[in-house]
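Encoded as structure tokens, the structure appears first; notes follow it.
Every chain is numbered from 1, with letters handed out A, B, ... down the list of sequences.
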Number of protein chains: 2
Amino acid sequence: MEFEPVTQVRAYERVVEQIEQAVLSGRLSPGQRLPSERDLMAQFQVSRSTVREALRVLQAGAVIRSRPGDPRGPEVLSASPAALHKSLHRLAMADHLGLGELLQFRMLLEGSAYLLAAGLRTEAQLAEMEAALAEMAGKTDYAAFSRADYAFHQAVARATGNALLVVCGEVVREVALGLIEDKLVHAEDRRALMRSSLEHHREVLRAVRERDGARACRLGRRALYDYYAEYVPAAERAKLVPLLDQL
Amino acid sequence: MEFEPVTQVRAYERVVEQIEQAVLSGRLSPGQRLPSERDLMAQFQVSRSTVREALRVLQAGAVIRSRPGDPRGPEVLSASPAALHKSLHRLAMADHLGLGELLQFRMLLEGSAYLLAAGLRTEAQLAEMEAALAEMAGKTDYAAFSRADYAFHQAVARATGNALLVVCGEVVREVALGLIEDKLVHAEDRRALMRSSLEHHREVLRAVRERDGARACRLGRRALYDYYAEYVPAAERAKLVPLLDQL
DNA sequence: CAGTATTTGTCCGTATGTATC
DNA sequence: GGATACATACGGACAAATACT
């Protein structure tokens, strides 16, 4: 007979667990309302403080939202990458996650996104990418250019039809940009950077249009490397090379 | 002049923010202790409940840990991917994404993991993979086999040196297994499945040993496809094909 | 449009089990 | 083993905010 080590589980955690399970299993869908705090303390047989601590945790995890004075009770939110973004951001800030690691992961994700998008894209999705690219070409302001670039990569990710890829790409791009934006501001030749970036995007998009996934993947990764590698510590740069050569 | 919309910021949120900033900026390093709840309510000039709600949120985010009766106060934790794991897991569970999408993402991640691992692995990491494979070969019980399989893939992910890849792979494997475990239980020929899976793993590992990343990537994705594709609805199966052919 | 009831946000006090010295 | 300080959990209370009649 095997016994499990007994773990002290606090009251508020069990409240969190039950509500979380109800949301995850779909018994509570986004938009629906939870009972009021007083009703919850009756149902769970705990004090209001305990209920409140549980609700705070759920709110911090972007599972629910509660506002004062709302008689309908806390609202169940739809799944969002907010919590994912926060935890990844914290991990990156704590230097437990170097820029090299982040860039490696981004090259991996975006390369695969190109590969899939080239094979699966519809004409409408291709048009979205081309629209974003045209938007990039028209901007001279770096901030606007960056936003259009963001839209381009989002369009590629959406074309894969994979929600996980969209969300993870989104988060990784944002956090990576946050890490180097101060360095980019000081770059004197942003114009040249933007021009070369635009050219790279054009080439990749051509490969996607011709349904050449392998080439799109290779070009996309190479472009990311050329763009960001100089900000990556030399020691970490070796981690990126296998993503360039062999594919 | 532009004005920002005024947002009602609650007391406990400001407590969270201050402590979080202190940890992120390094003024509070892992292992250090926070003041006790009573001291905190004096410093922040708020009530006990407010302090407690803030600590609950920080604890849920894996920033601190507090135990009853510890006179040293709440402990500052080192940054860990635990929170990332939780939020990604919730996202993967909630979006009721299909098995096809999940498998697509897993093929993408694990293929890239093989590609990187083949190029970056050390001898010690190779030995870990071989140990996990030997463990798989020795098991006839499906549960034990599955655990060893899990360890194998974890070893591959670790060899890439990328914590994000490790965590994402972990989550995707767990969720995917949860979705099909009931179907696998009813498979009559689990023995044959295990045997063929073992053979596939051997081939992939050989490619990793020979530092042939492209082949390892291709073999790994093919193995995943052969293993799980039959449980994927036919309509979704097309989403997986681009990951097989072109690489 | 105003009034009312309800809910949340915050505070205070107290009892209990627990870890450390 | 005892003393101390701590977190956990409970209950009651009031003000601000919101929704509904």
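- In this view, B:A134 satisfies the side chain to side chain contact (heavy atoms under 4.5 Å, CB included) rule with no residue, not counting sequence neighbours.
- Applying the salt bridge (Lys or Arg N to Asp or Glu O under 4.0 Å) test to every pair with at least one member in residues 37-59 of chain B, sequence neighbours left out, gives these pairs: A:R52-B:E53, A:E53-B:R52, A:E53-B:R56, A:R56-B:E53, B:E37-B:R48, B:E37-B:R52.
- A:E128 is linked by a side chain to side chain donor-acceptor pair (under 3.5 Å) to A:R158, counting only residues two or more places apart in sequence or in another chain.
- Under the side chain to side chain contact (heavy atoms under 4.5 Å, CB included) criterion, B:S80 pairs with B:A82, not counting sequence neighbours.
- A:E101 meets the salt bridge (Lys or Arg N to Asp or Glu O under 4.0 Å) test with A:K239; sequence neighbours excluded.
- Listed by chain and number, the residues in a salt bridge (Lys or Arg N to Asp or Glu O under 4.0 Å) with A:E20 are B:R90 (sequence neighbours excluded).
- Heavy-atom distances under 4.0 Å link DNA chain D to A:T50 of residues 50-60 of chain A, given in residue order.
- With sequence neighbours excluded, the residues satisfying side chain to side chain contact (heavy atoms under 4.5 Å, CB included) with B:V76 are B:V23, B:L28, B:L34.
- Residues forming a salt bridge (Lys or Arg N to Asp or Glu O under 4.0 Å) with B:E130 (at least two apart in sequence, or on another chain): B:R209.
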In a table with atom names and distances, give each donor-acceptor pair under 3.5 Å that connects a side chain of residues 135-149 of chain B to protein atoms at least two apart or in another chain.
unit_1 : atom_1 : unit_2 : atom_2 : d
B:D141 : OD1    : B:A143 : N      : 3.4
B:D149 : OD1    : B:H153 : NE2    : 3.4
B:D149 : OD1    : B:H201 : NE2    : 2.8

Quick one: which protein N/O atoms are closer than 3.5 Å to N/O atoms of nucleotides 3-6 of chain D? Pair and distance per line, please.
unit_1 : atom_1 : unit_2 : atom_2 : d
D:dC6  : O2     : B:G69  : N      : 3.4

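- In the 5' to 3' direction, nucleotides of DNA chain C lying under 4.0 Å from heavy atoms of chain B begin and end at C:dG9 to C:dT20.
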